[in-house]
Colleague: 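Shown below is the structure under consideration.
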Amino acid sequence: MPQGQPEVVPDDGLTTRQRRNRPLTIVHTGIGKGKSTAAFGLALRAWNQGWPVGVFQFVKSAKWKVGEERALRVLGASGEGGTVAWHKMGEGWSWVQRSPESSEEAAVEGWQQVKRDLAAETYRLYVLDEFAYPMHWGWVDTEEVVSVLRDRPGTQHVVITGRNAPPALVGAADLVTEMSKVKHPMDSGQKGQRGIEW
């Protein structure tokens with residue numbers, strides 16, 4: 001196992017093992033490609049460790065079939081690693097808002113389900129895919145999200161993806177990665193590709 005050395009060891013009274021095993025809030029934000037992809041990579045690691053994984057897609061359409069969903073469902077059902085549950089709440093891509101009222105209702109209900117699962121310690125890793133958008137749009141209260149994540153029981157890790165992650169969420173998170181775009185094929189008129197975008 002890789003052994004990274006922290007630059008600072010806080011005077012918090014925790015042992016190295018306790019500090020290593022504390023639950024993390026992780027945020028993948030920014031305008032670059034790869035936020036969800038990185039989160040699904042974490043889901044693969046969690047599955048390999050035998051952890052139950054819950055994926056909650058907040059904005060992408062329930063009709064949208066992403067490759068990671070099929071792969072993680074197959075792995076979750078294989079009996080070799082952890083279980084995987086996949087929940088879809090969105091009605092369309094984040095930049096194509098269809099029926100804002102029903103999308104908002106779906107996002108709010110999705111967050112209510114995440115809260116119930118956190119309270120019950122249902123999963124060890126939660127992937128809240130595109131969840132930054134409902135907070136950014138004001139559909140879900142960011143301060144409530146921060147409070148719930150701060151007070152969640154057990155050793156549940158949560159990764160949130162999406163552009164425009166609210167500053168309060170970024171400030172409360174343990175790990176924040178901002179994906180920046182240097183270049184993208186869409187800049188020269190190329191549409192998304194099978195196997196690359198989905």
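Just so it is clear, the values below take in all heavy atoms, side chains as well, and ignore hydrogens, waters and symmetry mates. Note that this is a predicted model, so its numbers are computed, not measured.
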Colleague: Could you tell me whether R17 atom CZ has more than 12 heavy atoms of other residues or ligands within 6.0 Å of it?
Modeller: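 No - once you tally the heavy atoms of other residues, nucleotides and ligands closer than 6.0 Å, there are 12 at most.
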Colleague: Using every non-hydrogen atom in the two residues, find where L72 and A43 come nearest and quote the distance to one decimal.
Modeller: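 Looks like CD1-CB, 4.0 Å.
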Colleague: Compare all side-chain heavy atoms of I26 with those of I160 and state whether any distance is below 4.5 angstrom.
Modeller: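 No. Closest side-chain heavy atoms not under 4.5 Å.
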Colleague: Tell me whether V127 shares a hydrophobic cluster with M179, the cluster being built from Ile, Leu, Val, Met, Phe, Trp, Tyr side chains joined at under 4.5 Å.
Modeller: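 No, V127 does not connect to M179 through the hydrophobic network.
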Colleague: Do NZ/NE/NH1/NH2 and the carboxylate oxygens of D129 and K35 come within less than 4.0 Å?
Modeller: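 Answer for the salt bridge query: no.
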Colleague: With rounding to the nearest 0.5 angstrom, report the NE2 to CG distance, H157 to D174.
Modeller: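 Atom-to-atom, H157:NE2 and D174:CG are 10.0 Å apart.
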Colleague: Give, for atom CZ of R73 and atom CD of E68, the distance between the pair rounded to the nearest 0.5 Å.
Modeller: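 Rounded to the nearest 0.5 Å, the CZ-CD separation comes to 13.0 Å.
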Colleague: Residues two or more places apart in sequence or in another chain: which of them pass side chain to side chain donor-acceptor pair (under 3.5 Å) with W86?
Modeller: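 For W86, the residues satisfying side chain to side chain donor-acceptor pair (under 3.5 Å) (neighbours in sequence not counted) are Q57.
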Colleague: Let me check something: do L24 and L14 share a hydrophobic cluster, defined by ILVMFWY side-chain heavy atoms less than 4.5 Å apart, either directly or through other members?
Modeller: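 Different hydrophobic clusters.
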Colleague: Can you tell me if D151 uses its side chain to pair, donor with acceptor, with the backbone of V148 under 3.5 Å?
Modeller: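 Absent.
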Colleague: Would you call E121-R152 a salt bridge at under 4.0 Å N-O?
Modeller: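 A salt bridge is absent here (no side-chain N lies under 4.0 Å from a carboxylate O).
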Colleague: Are R124 and Q156 close enough, and set up right, to give a side chain to side chain contact (heavy atoms under 4.5 Å, CB included), and what steps lead you there?
Modeller: CA-CA 5 Å; R124 183 80 187 274; Q156 303 174 95; 5.8 Å; no
Colleague: Give me the atom names and distance for the closest heavy-atom approach of L149 to L169.
Modeller: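 Closest heavy-atom pair between L149 and L169: CD1-CD1, 4.4 Å.
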Colleague: Under 4.5 Å between any side-chain heavy atoms of E178 and V170, yes or no?
Modeller: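 A side-chain contact under 4.5 Å is absent here.
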Colleague: Do K33 and H184 have side chains that get closer than 4.5 Å, going by heavy atoms?
Modeller: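 Yes. Closest side-chain heavy atoms under 4.5 Å.
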Colleague: Begin from the C-alpha positions of F58 and S103 and carry the test side chain to side chain contact (heavy atoms under 4.5 Å, CB included) through to its verdict.
Modeller: CA-CA 9 Å; F58 277 86; S103 295; over 6 Å; no
Colleague: So, does S180 use its side chain to make a donor-acceptor pair with the main chain of G32 at under 3.5 Å?
Modeller: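 The answer is no, because no donor-acceptor pair under 3.5 Å joins these two groups.
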Colleague: Verify side chain to side chain contact (heavy atoms under 4.5 Å, CB included) between H28 and V159, making sure each step is shown before the conclusion.
Modeller: CA-CA 7 Å; H28 296 165; V159 57; 3.9 Å; yes
Colleague: Indicate if I31 and Y133 have the same hydrophobic cluster label, given that clusters are the connected sets of ILVMFWY residues with side-chain heavy-atom separations under 4.5 angstrom.
Modeller: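 No, it is not one cluster - the side chains of I31 and Y133 are not joined through contacts under 4.5 Å.
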Colleague: If I compare all heavy atoms of A165 with all of A132, which pair ends up nearest, and what's the gap?
Modeller: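 Closest approach of A165 to A132: CA-CB, 3.9 Å.
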Colleague: Looking at side-chain heavy atoms only, is the closest gap between V114 and L128 below 4.5 Å?
Modeller: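 When only atoms from C-beta onward are counted, L128 and V114 do touch, with a gap below 4.5 Å.
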Colleague: Taking it one step at a time, do E109 and K88 satisfy salt bridge (charged side-chain N to carboxylate O under 4.0 Å, His left out)?
Modeller: CA-CA 11 Å; E109 176 49 38; K88 297 180 181 184; over 6 Å; no
Colleague: Nearest heavy-atom pair of H87 and A85: which atoms, and what distance?
Modeller: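 That would be NE2-CB, 3.8 Å.
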Colleague: Evaluate the side-chain proximity of V74 to V84: yes if any heavy-atom separation is below 4.5 Å, no if none is.
Modeller: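 They are not in side-chain contact.
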Colleague: Specify whether Y126 and Y123 have parallel, tilted or perpendicular ring planes, treating 30° as the upper limit for parallel and 60° as the lower limit for perpendicular.
Modeller: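 Perpendicular, since the angle between the ring planes exceeds 60°.
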Colleague: Check whether the ring centres of F131 and W111 lie less than 6.0 Å apart, and answer yes or no.
Modeller: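 Centroid separation for F131 and W111: below 6.0 Å.
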Colleague: Determine whether W47 and E80 make a side-chain contact, defined as any pair of heavy atoms from C-beta on separated by less than 4.5 Å.
Modeller: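 SC-SC contact between W47 and E80 confirmed.
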Colleague: List the atom of A173, the atom of V27, and the distance in Å for their closest heavy-atom pair.
Modeller: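 Taking every non-hydrogen atom into account, CB-CG2, 3.7 Å.
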Colleague: With heavy-atom distances below 4.5 Å as the criterion, would you say the side chains of L44 and L75 are in contact?
Modeller: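 Counting from C-beta outward, L44 and L75 do come under 4.5 Å.
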Colleague: Run the salt-bridge test on E144 and R150 with the 4.0 Å N-O cut-off and return the result as yes or no.
Modeller: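 No salt bridge links E144 with R150.
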Colleague: Measure the shortest side-chain to side-chain distance between V140 and V145 over non-hydrogen atoms and say whether it is less than 4.5 angstrom.
Modeller: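 The answer is yes, as the side chains (C-beta and beyond) meet within the 4.5 Å cut-off.
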